[in-house]
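Down below is the structure, laid out as structure tokens.
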Amino acid sequence: MKKQNVPELKPKETWRIVKNVVVISLAFMVQFTAYSGAANLQSSINAEAGLGTASLAAVYAGLIFSNIFLPVVVIKWLGTKWAMSLSFVTYMPYIAAQLLPRFWTLIPAGLIVGFGGGPLWCAKCTYLSVVSDAHSKISNISAEALLTRFLGLFFMIFQLNQVWGNLISSLVISSGDNEAAVTALNDTLIPELCGANFLPSADAGEALQPQPPEKIQMIVGIYLACMAGAALIVAVGVDSMKRYDSGRAGSGSGMTGMALLAVTLKLLVEPNQLMLVTINIFIGFQQAFFGADFTAAFVSCAVGTGTVGFVMMTYGVADAIGCVLTGYIAKVTGRLPLICTATIIQAGLFASILAWRPHSGEAYVLYVIAVLWGLCDSVWIVQINAYYGILFPGREEAAFSNFRLWESVGYIIAYVISPYLRTTTKTYLLIVMLIVGVILYFVVEYRDRSAKKKLEEKKKDLYTIGCDNIAFQNIDEM
């Protein structure tokens with residue numbers, strides 16, 4: 001295959017690479033300041049008939065289709081830079097639809113978000129993988145370690161969207177009354193209606209208050225401005241990946257659109273990928289559960305909708321800090337101790353949700369749960385994301401498409417069942433998925449390490465045979 005003409009990379013190029021990673025991270029933070037802020041409120045402000053969670057399910061239904069059919073094709077046509085910039089624009093109709101929240105406005109807008117999400121996230125992951133490899137050639141640091149660091153840096157900055165997006169929504173919404181509806185009726189109703197017993201389809205009307213139209217209009221205006229700014233940040237501030245993509249034989253190199261699709265579908269049925277499906281679904285499920293079910297059942301119901309943003313902001317800060325810490329801790333301990341620690345803490349959080357009954361004066365417990373949940377989530381998203389880049393080298397577009405696809409399935413499951421099952425049932429389902437997912441992840445780790453060990457032994461054997469042949473040749477020449 002003919003190599004592309006790329007400039008020779010000099011040592012100072014490492015700073016430019018880091019700059020590109022930071023700019024991309026900032027753009028995603030600004031974009032998802034708007035989207036996450038709106039998404040976290042859906043189960044509270046559009047709770048009637050499950051409209052909010054139905055629209056979020058539509059987002060991830062579109063994302064599943066997108067991850068299978070669009071990323072590698074769109075990236076080939078537009079390149080990673082413009083795929084990111086233009087994909088940001090596809091999120092704007094969903095924000096605008098909050099002005100007229102109906103099934104015929106929110107559901108189509110949610111599907112459009114999903115169609116743009118596949119190329120967006122895949123382009124980001126591919127860009128980080130390629131610049132990690134380029135940086136490695138200059139700095140002599142392993143590409144694997146650099147990818148983990150860059151993903152940690154990205155998610156640290158990205159997770160701050162939970163801070164700014166929820167700060168905006170909380171300041172706007174809590175500018176008026178911020179009482180839980182059931183508090184106004186009778187404080188003794190809170191333990192009965194809220195927490196693990198909460199059933200959105202039955203309790204939302206009594207427990208969640210509607211918001212004034214002027215507050216929604218203000219939030220929409222701010223969020224639309226954020227999304228337009230994010231698209232401009234990438235368009236102006238990020239270098240084209242062609243600068244670093246020196247003849248890389250990736251998923252999208254020199255193939256037709258159908259061939260690119262075939263790569264994605266082929267990877268979909270590989271044993272290692274299939275065994276990672278459960279942990280991927282769990283990642284999406286637990287994020288959606290915290291953002292929709294936990295906030296509705298424990299925060300809005302017991303304390304007030306205006307507190308949702310502050311709890312999610314706490315979660316975002318913890319997640320952002322965790323993303324940086326896990327990247328460096330993994331360098332010392334490896335992935336497995338981090339995964340084990342996150343599993344134990346996450347299981348403890350699920351047990352707490354099942355046992356605890358919230359009261360209006362116990363808001364501090366919500367913040368403790370948010371911190372621990374954010375730290376666990378940082379381990380899942382950084383370590384599993386990085387592992388995909390390590391496990392499927394040269395097929396990053398297809399690999400990350402599959403990661404987002406199954407993560408999206410987790411979101412869809414969470415949002416579809418949200419109105420119809422009590423929080424208790426959904427928590428038990430999460431526990432089962434966590435156990436099964438982690439066990440299968442360990443199997444993949446074992447298979448991968450065994451395969452690498454066999455490869456190293458084979459190389460040593462070939463090296464030994466080569467040395468013996470040279471020795472015999474020298475004897476013959478004597």
Quiz item: Of all heavy-atom pairs between Val382 and Thr148, which one has the smallest distance, and what is that distance?
Solution: CG1-O, 4.3 Å
Exercise. Could you check if a side-chain atom of Ser132 sits within less than 4.5 angstrom of a side-chain atom of Arg149, using non-hydrogen atoms only?
Key: no
Quiz item: Are Tyr91 and Phe32 close enough, and set up right, to give a ring-ring contact (aromatic ring centres under 6.0 Å, His included), and what steps lead you there?
Solution: CA-CA 10 Å; Tyr91 284 65; Phe32 284 85; 5.5 Å; yes
Quiz item: Closest approach of Leu349 and Cys376, non-hydrogen atoms and distance?
Solution: CD1-SG, 4.5 Å
Practice problem: Indicate whether the side chain of Trp380 and that of Gln286 have a donor and an acceptor atom separated by less than 3.5 Å. | Solution: no
Quiz item: Do Thr314 and Val163 have side chains that get closer than 4.5 Å, going by heavy atoms?
Solution: no
Practice problem: Would you mind checking if Lys19 and Asp239 are paired as a salt bridge, meaning a charged N to carboxylate O distance below 4.0 Å? | Solution: yes
Quiz item: Is there side-chain contact between Ile157 and Phe154, with at least one heavy-atom pair below 4.5 Å?
Solution: no
Quiz prompt | Side-chain donor or acceptor of Ser378 paired with backbone N/O of Leu375 under 3.5 Å | solution = yes
Self-check item: Value rounded to 0.5 Å, distance of CG in Leu111 from CG in Leu106
Solution: 11.0 Å
Quiz item: Heavy atoms, side chains only, cut-off 4.5 Å: are Thr278 and Tyr441 in contact?
Solution: no
Quiz item: Where do Cys340 and Phe442 land on the side-chain contact (heavy atoms from CB on, under 4.5 Å) test, with the steps shown first?
Solution: CA-CA 10 Å; Cys340 291; Phe442 286 147; 3.6 Å; yes
Quiz item: Can you list the steps and then say if Val30 with Asn161 is a side-chain contact (heavy atoms from CB on, under 4.5 Å)?
Solution: CA-CA 7 Å; Val30 173; Asn161 75 78; over 6 Å; no
Quiz prompt | Taking every non-hydrogen atom, the tightest pair across Ala347 and Leu434 | solution = N-CD2, 4.0 Å
N/O donor-acceptor pairs under 3.5 Å from side chains in residues 386-393, not counting sequence neighbours:
from   : atom 1 : to     : atom 2 : distance (Å)
Tyr387 : OH     : Asp448 : OD2    : 3.4
Tyr388 : OH     : Gln273 : OE1    : 3.0
Tyr388 : OH     : Gln273 : NE2    : 3.1
Tyr388 : OH     : Asn280 : ND2    : 2.5

Quiz item: To the nearest 0.5 Å, how far apart are OG1 in Thr326 and CG in Asp319?
Solution: 9.0 Å
Quiz item: Does some side-chain heavy atom of Tyr223 sit less than 4.5 Å from a side-chain heavy atom of Gln98?
Solution: no
Self-check item: From CA spacing to verdict: ring-ring contact (aromatic ring centres under 6.0 Å, His included), Phe28, Trp121
Solution: CA-CA 10 Å; Phe28 271 74; Trp121 285 95; 5.2 Å; yes
Practice problem: Could you tell me which non-hydrogen atom of Ile107 sits nearest to which non-hydrogen atom of Ala58, and how far apart they are? | Solution: O-CB, 3.7 Å
Quiz item: Mind checking whether Tyr428 and Thr424 have side chains closer than 4.5 Å, heavy atoms only?
Solution: yes
Quiz item: Side chain of Ser55, backbone of Gly110: donor and acceptor closer than 3.5 Å?
Solution: no
Self-check item: Separation of Met227 CE from Ile95 CD1 (nearest 0.5 Å)
Solution: 4.0 Å
Quiz prompt | Interatomic distance, Gln31 atom CD to Ser85 atom OG [nearest 0.5 angstrom] | solution = 9.5 Å
Exercise. Check Ala330 against Gln383 and note the closest heavy-atom contact, atom names and distance.
Key: CB-NE2, 3.6 Å
Quiz item: Within 45° of the six-membered ring axis of Phe289 and under 6.0 Å from that ring's centre, is NZ or CZ of Lys426 located there?
Solution: no
Practice problem: Indicate whether any N or O donor in one side chain lies under 3.5 Å from an N or O acceptor in the other, for Asp293 and Thr423. | Solution: no
Quiz item: Any donor and acceptor pair, going by atom type alone, linking the side chain of Ser66 with main-chain N or O of Gly62 inside 3.5 Å?
Solution: no
Quiz item: Got a second to check how far Leu430's CG is from Phe350's CZ, nearest 0.5 Å?
Solution: 4.5 Å
Exercise. Check for a donor-acceptor pair, side chain of Lys81 on one end and backbone N or O of Ala235 on the other, with a separation under 3.5 Å.
Key: yes
Quiz prompt | Mutual orientation of the aromatic rings belonging to Tyr411 and Tyr60 [parallel < 30°, tilted 30-60°, perpendicular > 60°] | solution = parallel
Exercise. Nearest 0.5 Å please: distance from the SG atom of Cys323 over to the CG atom of Asn385.
Key: 9.5 Å
Self-check item: Which atom of Pro108 lies closest to which atom of Thr105, heavy atoms considered
Solution: CD-O, 3.6 Å
Quiz item: Does Phe150 reach the side chain of His135, with side-chain heavy atoms less than 4.5 Å apart?
Solution: yes
Quiz item: How about Met218: does its CE atom have over 12 heavy atoms from other parts shown lying under 6.0 Å from it?
Solution: no
Quiz item: Under the side-chain contact (heavy atoms from CB on, under 4.5 Å) criterion, do Tyr315 and Tyr367 qualify, and how do the steps go?
Solution: CA-CA 8 Å; Tyr315 164 83; Tyr367 292 100; over 6 Å; no
Quiz item: Do any N or O atoms from the side chain of Ser87 and from the backbone of Met84 form a donor-acceptor pair under 3.5 angstrom?
Solution: no
Quiz item: Does the side chain of Arg16 come within less than 4.5 Å of Asn20's, by heavy atoms?
Solution: yes
Quiz item: Does the side-chain contact (heavy atoms from CB on, under 4.5 Å) test come out yes or no for Ile233 and Phe88, once each step is laid out?
Solution: CA-CA 11 Å; Ile233 288 172; Phe88 282 152; over 6 Å; no
Quiz prompt | Under 3.5 Å: donor-acceptor pair, side chain of Ser25, backbone of Val21 | solution = yes
